[in-house]
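Start at 1 and go down the list; that is how both ligands and their atoms are numbered. We're numbering straight along the sequence, starting at 1.
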Amino acid sequence: MLELFTGISELVLPFKNEDNNSPVEVIRDAALLVENGKIIAFGRGDEVKSKANNAKETKLGQRAVVPGFVDSHTHAVFVGDRCDDFSKRARGETYGEIAAKGGGILSSVKLLQNATHATIQKQSLQHLETFLKHGTTTCEIKSGYGLLPEHELRQLKVIGDLRSHTPMSLLSTVLAHVILEPEYVEVFCEHILKPAAEHKLAQFCDVFVEEGSFTHAHAEKIALAAKACGLKLKLHVDQLHDGRGAELAARLNALSADHLEYTLEAGGRALAKAGTIATILPGCSLFLGKGPWPSGRKLRDVGCEVAIATDFNPGSSHIPDLALCGAMAATRCGLTLEEALWGITRGGAKALDLHDRGCLRIGERADFVLLNASDWRKLFYTPGSAPIRQVFIEGKSVNMAPAAASY
Ligand code: NIG
Ligand code: FE
C-alpha cells in the first residue's frame, strides 16, 4: 500500500551535506512516500506528489519530521528502582560508596533474581512505552542484572518476549557487568555468552571495563569468545577514570565504545582510526551529578563518529528521554544541534550496525517522529519536554501510552 505524507515543514535527513559540511540535510516543504513500511521517495512536496498515484495522503500540518530515534545503549530490563541510591547521592555519597554498602548494581541483581518472569516483563514494558512516547523507535537492551547463568539467560528471554508487546525494534546484548570472583570470566563465556549466542538471545556482547570490575585482560578473553560465537562487541569504557579503555575498544575492533567520560585525545584518535563508534551517554553525567561530561566535541574533532544514547538504568541514568540526552550533548558535550540529531538517529543505528534506518533514505524503514513545531531545532530547545506529536514505525502511527509510566 502506498502512503503519502505531505505538509512537512522541514524534513531532516542525517546525510552529510557536502555544501556546508553539516551532518544533516534539511528539505523544506517536503513529502515522504512510503510503500509497505519503507521509504520509496522523499523530497520537495510537489516532486514527491507527482510519483504518488493513488496513494493514501496524510497531511502533517506544516510540521517538522526527523528520523525515529535509535537508542543504542540501555539497561531497560530491570525490577524496582534505586531511588534510595539517588537520595544518598544527593546527600554527598558517591556511586562507589553506595555500591560498597549494599546498594548499587548488586541490589538490582537481587531484585531481578527474586522476581518472576512476568513481573520483570511488565515493569520493563512500562519503560519501553515511555521510550516510545519520547520518540525512540529502535532500542538496544542489555542483560547484566541476572549475574548467574540462569538469571542472565532469563533476562535475555524477557527481552525476546518483549518484542511481541511493542512496535519498537529491540536489539539485545549479553553484558558482563559485575565480577564476583576471577572464575566468573569462564562462567560468563561458557554458561552465559555461548548459550545466549546459540539460542539467538543476543546480537552483541558488552563488558563493563572499569577499576573493580572487568580488566583489559578479562575483556580480551570475552571479546575472543564473543567473536567465536558470532556476536559483535561493544564496551563500557573510561566511565569513572581514564583506563585507556578507548584504546582497548579500538584494538579489539569493537563496534562501539560507550561512556568515554575520561577518554583522552589519544583514545579518541584510536577509535577514529579503528572506525569504532564513540557513544556518549550524557544522562549518566547529569544523573550521577559528579565527574566530567564526555566531550563529544573533542571526539568528533579527532575524527570519531559520535552516537548518543540514554544508558537508561536504575542506578546511573534513570533517563528514558533520548532527545533530552541530545540536548545535553549540545549544551554540555560541545556538539552542534545537527551533530546531536545525527547522534540520536544515524549514529545510534551505526552503533548497532543497522543500515536500514536512521536516515530516512530510499529503501529504509519509515520510522519517523513528527514534531509539534515547524522548526526541527525545537526538538532540543525545551530539554525534557521535547515537542513530540506523533511517532511512526514502518509508516504506521503507533499508539502512544496515555501517560508516562509511574516510577
Ligand atoms: O552503564 N556502568 C555500568 N553499568 C551501568 C550502570 C548500571 C547500574 O548502576 O545499575 C552504566 O552506567
Ligand atoms: Fe551502561
Hey, which atoms in ligand 1 end up nearer than 4.0 Å to a heavy atom of Asp311?
-> 1 (O), 11 (C), 12 (O)
Any idea which part of Gln239 is under 4.0 Å from ligand 1, heavy-atom wise: side chain, backbone, both or neither?
-> side chain
Considering only N, O or S atoms, which atom of His73 is nearest to the Fe ion (ligand 2)?
-> NE2
Atom indices of ligand 1 within 4.0 angstrom of His177 heavy atoms, with elements = 3 (C), 4 (N), 5 (C), 7 (C)
Closest to atom 7 (C) of ligand 1 (judged by heavy-atom distance), picking from Phe208, Tyr145, Phe78 | Tyr145
Sub-4.0 Å atoms of ligand 1 with respect to non-hydrogen atoms of Arg82 = 8 (C), 9 (O), 10 (O)
If the Fe ion (ligand 2) is the vertex, what is the angle to NE2 of His75 and OD1 of Asp311, rounded to 10 degrees?
-> 90°
Ion pair check, Glu97 and Lys88, cut-off under 4.0 Å | no
Judged by non-hydrogen atoms, does His259 sit under 4.0 Å from ligand 1?
-> yes
With heavy atoms of Ile105 as the reference, note each atom of ligand 1 found under 4.0 Å away.
-> 7 (C), 8 (C), 9 (O), 10 (O)
Find all atoms of ligand 1 within a distance of less than 4.0 Å from any non-hydrogen atom belonging to Tyr95, and give their numbers and elements.
-> 6 (C), 7 (C), 8 (C), 9 (O)
Do the non-hydrogen side-chain atoms of Leu233 and Asn253 ever get within less than 4.5 Å of each other?
-> no
SB check Arg91 Glu93 (cutoff 4.0 Å) | no
Ile393 vs Arg365 side-chain heavy atoms within contact, under 4.5 Å = yes
Lys/Arg-Asp/Glu bridge criterion (N-O < 4.0 Å) met for Glu305, Arg346 | no
Under 3.5 Å, is there a donor-acceptor pair between the His73 and His259 side chains?
-> no
min-distance protein heavy atom vs atom 12 (O) of ligand 1 -> Ser316 OG, 2.6 Å
Is any side-chain heavy atom of Met168 closer than 4.5 Å to a side-chain heavy atom of Thr136?
-> yes
Determine the interplanar angle of the Tyr145 and His75 rings, folded into 0 to 90°, and report it as parallel if under 30°, tilted if 30 to 60°, perpendicular if over 60°.
-> tilted
